[in-house]
Amino acid sequence: MNVTLHLAQDPEADELLGRSPLAALVGMLLDQQVPMEWAFKGPATIAQRLGADDLDAHEIAVHAPEAFAALLSQKPAVHRYPGSMAKRIQQLCQYLVEHYGGDASAVWDGVATGRELLKRLRDLPGFGAQKAQIFLALLGKQLGVRPEGWREAAGAYGEADSFRSVADITGPESLAKVRAHKQQMKAAAKASGR
């Protein structure tokens, strides 16, 4: 991976996301209950606080849980819920170490079908069906990971020329379109009583 992403809307954070498979996965994991930019800036903040230029699954997996939670809680906090997200990030890294030798890109490298990749993503701690589909769409649309049937496996998030999720953000204009789509979806859900 070595592409330019624009998810954090911060050059240094986006550079890390574009070259580091683990940073991209951690950013996606953090993308809940906070603004997208905040979530995707998180991996760069964590790396900086660890004194590194990238995240290391082995290092994070064995980090003392209290110390790692404190690292995420420093001001400004990495997430609205830094303690619970620290635990989730460590669970993700422990899973990657156990199943993929700590190599996040091994989750998708050499996968033959979109369906298989979706299953692998759903198996990751903290990745439910929707998060897995969004990340699959991000892999296909922006990171060049396109196993057979990836668009179908990503569902609506895989549709070309859509502005549904982080998979579609390539700059400030597309970010505004994705935000508008999310606001429409929330308004529709509220109107229907959900």
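The chain is numbered in sequence order, starting from 1. Side chains included, hydrogens not; waters and symmetry mates left out as well; all remaining heavy atoms used. All of these numbers come straight from a predicted model, not from anything done at the bench.
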Contact summary for [X] and [Y], nearest pair of heavy atoms:
{"X": "Leu72", "Y": "Pro82", "answer": "O-CB, 3.6 Å"}
{"X": "Ile169", "Y": "Met36", "answer": "CD1-SD, 3.6 Å"}
{"X": "Gly83", "Y": "Ala69", "answer": "CA-CB, 4.3 Å"}
{"X": "Gly102", "Y": "Ala57", "answer": "O-CB, 3.5 Å"}
{"X": "Arg179", "Y": "Pro35", "answer": "NH2-CB, 4.2 Å"}

Practice task
Just jot down the side chain to side chain donor-acceptor pair (under 3.5 Å) partners of Asp123, sequence neighbours excluded, or say none.
Solution key: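 With neighbours one apart ignored, the set is Lys119.
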Handout entry: Positive for side chain to side chain contact (heavy atoms under 4.5 Å, CB included) with Pro43, one of Leu17, Ile89, Leu25, Val78
Key =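 In the set Leu17, Ile89, Leu25, Val78, the residue that makes a side chain to side chain contact (heavy atoms under 4.5 Å, CB included) with Pro43 is Leu17.
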With a 4.5 Å cut-off on side-chain heavy-atom distances among I, L, V, M, F, W and Y, is there a chain of contacts connecting [X] to [Y]?
{"X": "Leu50", "Y": "Met85", "value": "yes"}
{"X": "Leu5", "Y": "Val145", "value": "yes"}
{"X": "Tyr157", "Y": "Phe163", "value": "yes"}
{"X": "Phe135", "Y": "Leu175", "value": "yes"}

Problem - Leu96 and Leu124: CA distance, side-chain angles, deciding distance, side-chain contact (heavy atoms from CB on, under 4.5 Å) verdict - result: CA-CA 8 Å; Leu96 291 171; Leu124 296 174; 4.0 Å; yes
For residues 26-34, please give each side-chain donor-acceptor pair under 3.5 Å, one per line with the distance, not counting sequence neighbours.
none

Got a second to check how far [X]'s [atom1] is from [Y]'s [atom2], nearest 0.5 Å?
{"X": "Phe40", "Y": "Asp14", "atom1": "CZ", "atom2": "CG", "answer": "9.5 Å"}
{"X": "Arg88", "Y": "Phe127", "atom1": "CZ", "atom2": "CZ", "answer": "11.0 Å"}
{"X": "Gln94", "Y": "His63", "atom1": "CD", "atom2": "NE2", "answer": "12.5 Å"}
{"X": "Asp168", "Y": "Gln142", "atom1": "CG", "atom2": "CD", "answer": "7.5 Å"}
{"X": "Glu152", "Y": "Leu136", "atom1": "CD", "atom2": "CG", "answer": "10.0 Å"}
{"X": "His79", "Y": "Ser73", "atom1": "NE2", "atom2": "OG", "answer": "12.0 Å"}

State whether the number of non-hydrogen atoms from other residues, nucleotides or ligands found under 6.0 Å of [X] atom [atom1] is greater than 12.
{"X": "Gln48", "atom1": "CD", "result": "no"}
{"X": "Arg122", "atom1": "CZ", "result": "no"}
{"X": "Glu148", "atom1": "CD", "result": "no"}
{"X": "Arg151", "atom1": "CZ", "result": "yes"}
{"X": "Lys87", "atom1": "NZ", "result": "no"}

Practice task
Take Ser165 and Leu138 through the side-chain contact (heavy atoms from CB on, under 4.5 Å) test and state the conclusion after the steps.
Solution key: CA-CA 9 Å; Ser165 72; Leu138 177 65; over 6 Å; no
Practice task
May I have the step-by-step check of side-chain contact (heavy atoms from CB on, under 4.5 Å) for Val178 and Val166, ending in yes or no?
Solution key: CA-CA 8 Å; Val178 169; Val166 298; over 6 Å; no
Problem - Geometric class of the Tyr100/Tyr95 ring pair [parallel <30°, tilted 30-60°, perpendicular >60°] - result: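 Tyr95 and Tyr100: tilted rings.
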Exercise for the section: Answer yes or no: is there an ion pair linking Glu15 with Arg19, defined by an N-O contact shorter than 4.0 Å? Expected result: yes
Problem - side-chain contact (heavy atoms from CB on, under 4.5 Å) evaluation trace for His6 with Glu37 - result: CA-CA 9 Å; His6 301 280; Glu37 301 92 330; over 6 Å; no
Problem - Backbone of Ala160 reached by a side-chain donor or acceptor of Lys141 within 3.5 Å - result: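 Side chain of Lys141 to backbone of Ala160, a donor-acceptor pair under 3.5 Å: no, none is there.
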